[in-house]
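Written out below as structure tokens is the structure these notes cover.
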Amino acid sequence: MQALPAPSADHPQTMILYNGGMWTAQTATDCRRLRRALTGTVAFVPTMGALHEGHASLMRHAASLADHVLVSIFVNPTQFGPHEDFAKYPRKLPEDLALCEQAGVAGVFAPTVDAMYPPDTPECIVEVPALAADLEGALRPGHFRGVCRVVAKLFNIVQPEAACFGQKDYQQWKVIQAMTADLLLPIRIVGCPTCRAPDGLALSSRNAYLSPEARGRAVALYRALESARHLVADLGETDPAVVEAAMRQVLESHQFTVDYAVVRHPQTLARLDCLEPALTGGVVALIAARTAGVRLIDNLLIGAD
Ligand code: PAF
């Protein structure tokens, strides 16, 4: 175990040791001090909490990349729109800390909103318009600005060598990759495979909002993605409109309202006139759809090596 530095004189209460071993920091100052006390490399898993098996698999992946795993738990207000679910987003810090400890995490940064966004500080804008304007960005104005801003802050505080993001948030993963490259941050951004329930539903903290009846129908997202995969990879369909119509049909037949069901370039997320996975390094099918007041997203990379 690493020797832990003493709490600072100005923040004597803010550093908490949890169950002897894993630490929890609430301020950037404490997190930086604790991170510096770790010898060796760090892989970082940023989260908004309500942790599930998908997060645990990110932590396992992170553990394979570095000497220590650090996790952040912060429901970031700046990435939620005014009519979105910030207030009701599930918050379960004690359970989340237990999961992190079980996963062998070295430390958790769980700041308050004021610690991340000091009051009366003029706001800074971090954004990647080329990748963030469409899809989630078009439907959730300001969302990726909020994500980039908080992830840039977290990277600056945690200073990891690598950071793991779920491929389930495919556009977010690409936006963060681009932001990290353009800001010359020496951090390897690793996209980790989506964890799925036995029926194919991607694990997500927002699945908790689904009623049992809607949960049954939510298999539609995976079925729609599978229909896209079948058309492109097995039948050689090259017309994106045909594939997109097929996905939409599956979703609507399960009483989902479709925000988008599209097939795009896997790196740039640009529209494609013709689907030729061998030329573009695969194609990505992306879905966002709503049912019974719950919005779900999912995606599938098709035809990539
Ligand atoms: O994917 C998430 O949970 C969030 O968008 C992230 C990356 C932790 C930023 O708040």
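Values below: every heavy atom of this structure, side chains too, minus hydrogens, waters and symmetry copies. Position 1 is the first residue of the sequence; numbering continues from there. We count ligands from 1, going down the list as the structure has it; atoms in each ligand are counted the same way.
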salt_bridge(Glu53, Arg60) N-O dist < 4.0 Å: yes
cation_pi(Arg188, Phe165) dist<6.0 Å, angle<=45: no
Over 12 foreign heavy atoms within 6.0 Å of CG, Asp273: no
Proximal ligand 1 atoms for Val150, defined as those under 4.0 Å from one of its heavy atoms: 9 (C), 10 (O)
Per-atom contacts, ligand 1 versus Gln172 - under 4.0 Å to a heavy atom: 1 (O), 2 (C), 4 (C), 5 (O), 7 (C)
Short side-chain donor-acceptor distance under 3.5 Å, Tyr209 and Asp85: yes
Atoms in ligand 1 flagged as close to Gln79, the criterion being non-hydrogen separation under 4.0 Å: 4 (C), 5 (O), 9 (C), 10 (O)
Proximal atoms of ligand 1 relative to Thr47 (non-hydrogen, under 4.0 Å): 8 (C)
Nearest-neighbour protein heavy atom for atom 3 (O) of ligand 1, which is reported as residue plus atom name and distance: Met48 CG, 3.6 Å
Charged tip of Lys153 within 45° of Phe74 ring normal and under 6.0 Å: no
